[in-house]
*Asks:* 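Here you go, one structure.
Below, all heavy atoms of this structure are taken into account, side chains as well, without hydrogens, waters or symmetry copies. Since the model is a prediction, treat every value here as computed from it, not as a measurement. Letters A, B, ... mirror the listed sequences (proteins, then strands); counts begin at 1.
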Amino acid sequence: MLDPRLLRNDLDAVARNLARRGFVFDRGGFLKLDAERKRLQVEVESLRQQRNTRSKAIGKAKAAGEDIEALRKEVGALGDKLTKVEDSLSSVGGMLDEVMRGLPNLLADDVPDGADDTANVEVRRRGELPEFDFEPKDHADLGAALGMLDLESATKLAGSRFAVLHGELARLHRALIQFMLDVHTQEHGYAEAYVPYLANENALFGTGQLPKFEEDLFAVGGDGRYFLIPTGEVPLTNLVRESIVEADRLPIKLAAHTPCFRSEAGSYGKDMRGMFRQHQFEKVELVHIVRPEDSRAAHEELTANAEVILKRLDLAYRVVTLCAGDTGAAAAKTYDIEVWLPGQNRYREISSCSNFEAYQARRMRARWRNSETGRPEPLHTLNGSGVAAGRALIAVIENYQQADGSVLVPDALKPYMGGCEVVGGNT
RNA sequence: GGAGAGGUGGCUGAGUGGCUGAAAGCGCUCCCCUGCUAAGGGAGUAAGGGUUAAAAGCCCUUCGAGGGUUCGAAUCCCUCCCUCUCCGCCA
């Protein structure tokens with residue numbers, strides 16, 4: 001959500017910023033609704049004040065043993081009128097809320113213009129592209145040949161866009177997760193958390209998945225209204241929902257390994273090969289909760305923390321700044337980290353690191369106590385994958401493949417592989 | 001799943017129809033006192049919103065959530081959510 005004060009004071013600037021995303025803001029409609037809201041609210045409050053004081057007068061008169069019948073009638077009429085105006089206010093207020101809730105975040109100044117991912121801007125490249133003296137295969141072929149990536153069984157068990165991993169490949173996947181968690185908690189100062197994999201509507205509203213992106217989520221039946229989390233961001237960030245964090249507790253840096261569930265609605269036919277785009281995947285998520293003045297630096301730090309994982313795995317990658325049209329609705333600015341996949345002969349997204357500034361915090365009512373003003377103010381939230389485990393597995397398979405179809409275990413993962421140095425080395 | 005108890009400010013905890021946005025205590029902030037420390041004295045200390053360019057002031061709302069009764073609800077009624085205790089079940 002945006003600062004309502006900013007909307008009132010500098011509507012044109014807000015509209016101009018949102019237009020960069022291609023979002024058309026109906027300024028006239030907003031102004032009309034807001035003026036109506038203001039008028040009704042002033043009236044409601046004035047009527048309430050009258051009712052309150054007259055009701056107290058009844059109490060006094062009654063205590064003094066006076067006749068209160070006339071007063072009671074007068075206040076009763078006041079109450080009827082109040083109810084009517086209140087109804088109008090809540091209807092106008094509801095419309096206004098809907099407009100407010102539907103507004104995307106303001107983009108940071110340094111987000112490049114552009115409509116889609118072709119306009120994203122590369123920030124840096126790291127690592128050497130691997131060279132093969134044979135024709136490299138992609139992970140789907142390699143995994144199938146190893147007998148360790150079993151998409152047919154996954155289809156039988158659940159459907160398309162699921163995977164079953166076997167043996168050393170399953171272990172390699174687990175090793176990646178352990179490795180990433182260890183690096184972030186032991187070297188980057190993140191506190192590890194274990195969190196629910198189901199979230200309620202409030203939590204999903206807080207981080208911005210609801211109400212606009214419900215079709216991307218899996219809903220779960222049962223008494224309550226639950227959804228499978230699409231990312232660990234949802235439980236981690238919502239830890240500060242509806243709370244006021246004392247300044248000396250900031251920054252809060254959290255890391256968690258969670259599965260992620262995405263319906264991938266609207267992506268039919270896209271990335272159908274292998275396990276690149278799945279309904280279920282694992283991820284180590286990093287979240288920062290910071291003071292507003294620190295969020296830009298935290299964004300760089302968070303992104304660098306995720307990059308360390310790829311550096312340690314000796315994987316080539318690049319970092320891109322998403323352009324205006326490609327930046328998610330809740331984010332002010334996003335860096336995507338793209339890892340080199342020899343099987344696709346290009347860089348593909350393996351992490352997305354975003355600064356949400358106060359957007360999620362306003363939706364969550366997550367505040368910190370600013371000692372300079374003494375007031376609770378929205379804090380800033382950030383998150384990024386550090387990194388997606390399923391895609392990291394793909395990257396390792398494709399980058400560490402050998403001519404015979406086996407896969408070398410990267411040095412960084414060896415401590416987690418119980419002596420196994422080559423996946424498929426015995427076959 | 002069965003039985004019971006309960007959800008009040010940062011915390012503990014009073015409060016069964018009006019003078020209670022809320023006693024008291026703890027914590028915290030500021031001031032006074034004290035050579036330091038400890039102890040003591042005083043004042044302040046919820047959030048959201050409206051009015052305002054902003055503030056001050058004034059006003060409205062909020063005692064788990066949502067409805068209802070009433071001139072008036074933390075207090076009475078209904079529904080839901082959550083927490084705790086005991087029993088059962090279970091990894």
*Asks:* Does a side-chain N-to-carboxylate-O contact under 4.0 Å join A:Lys253 and A:Glu301?
*Replies:*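 Salt bridge present between A:Lys253 and A:Glu301.
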*Asks:* Any luck finding a side-chain donor-acceptor pair between A:Gln360 and A:Glu233 under 3.5 Å?
*Replies:*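 A:Gln360 vs A:Glu233: donor-acceptor pair found between side chains.
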*Asks:* Look at A:Asn202 and B:rA65 and indicate whether a side-chain polar atom (N or O) is within less than 4.0 Å of OP1 or OP2.
*Replies:*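 Indeed not, no polar side-chain atom of A:Asn202 lies that close.
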*Asks:* Think A:Lys60 has a side-chain N or O under 4.0 angstrom from the OP1 or OP2 of B:rC19?
*Replies:*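 Looking at the OP1 and OP2 atoms of B:rC19, neither is under 4.0 Å from any side-chain N or O of A:Lys60.
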*Asks:* Would you kindly check whether a donor in the side chain of A:Lys62 faces an acceptor in the base of B:rG18, or vice versa, at under 3.5 angstrom?
*Replies:* yes
*Asks:* Could you work out the separation of B:rG27 and B:rU12 based on their P atoms and round it to a whole Å?
*Replies:* 15 Å
*Asks:* Above 12 or not: heavy atoms from other molecules or residues under 6.0 Å from CZ of A:Arg54?
*Replies:*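 Not buried by this count: 12 neighbours or fewer within 6.0 Å.
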*Asks:* Can you identify which nucleotide, out of B:rC60, B:rG72, B:rG48, has its nearest atom closest to the A:Ser55 side chain?
*Replies:* B:rG72
*Asks:* Relative to each other, are the rings of A:Phe23 and A:Phe25 parallel, tilted or perpendicular (30° and 60° limits)?
*Replies:* tilted
*Asks:* Out of B:rG50, B:rA54, B:rC59, which nucleotide sits closest to the side chain of A:Gln49?
*Replies:*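 From the listed options, B:rC59 comes nearest.
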*Asks:* So A:Arg369, base contact, sugar-phosphate only, or nothing? Heavy-atom distance under 4.0 Å.
*Replies:*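 Answer is sugar-phosphate: A:Arg369 comes under 4.0 Å of backbone atoms only.
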*Asks:* Any donor-acceptor pair, under 3.5 Å, between the side chain of A:Glu45 and the base of B:rG49, if you only look at N and O atoms?
*Replies:*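 Check passes, donor-acceptor contact within cut-off.
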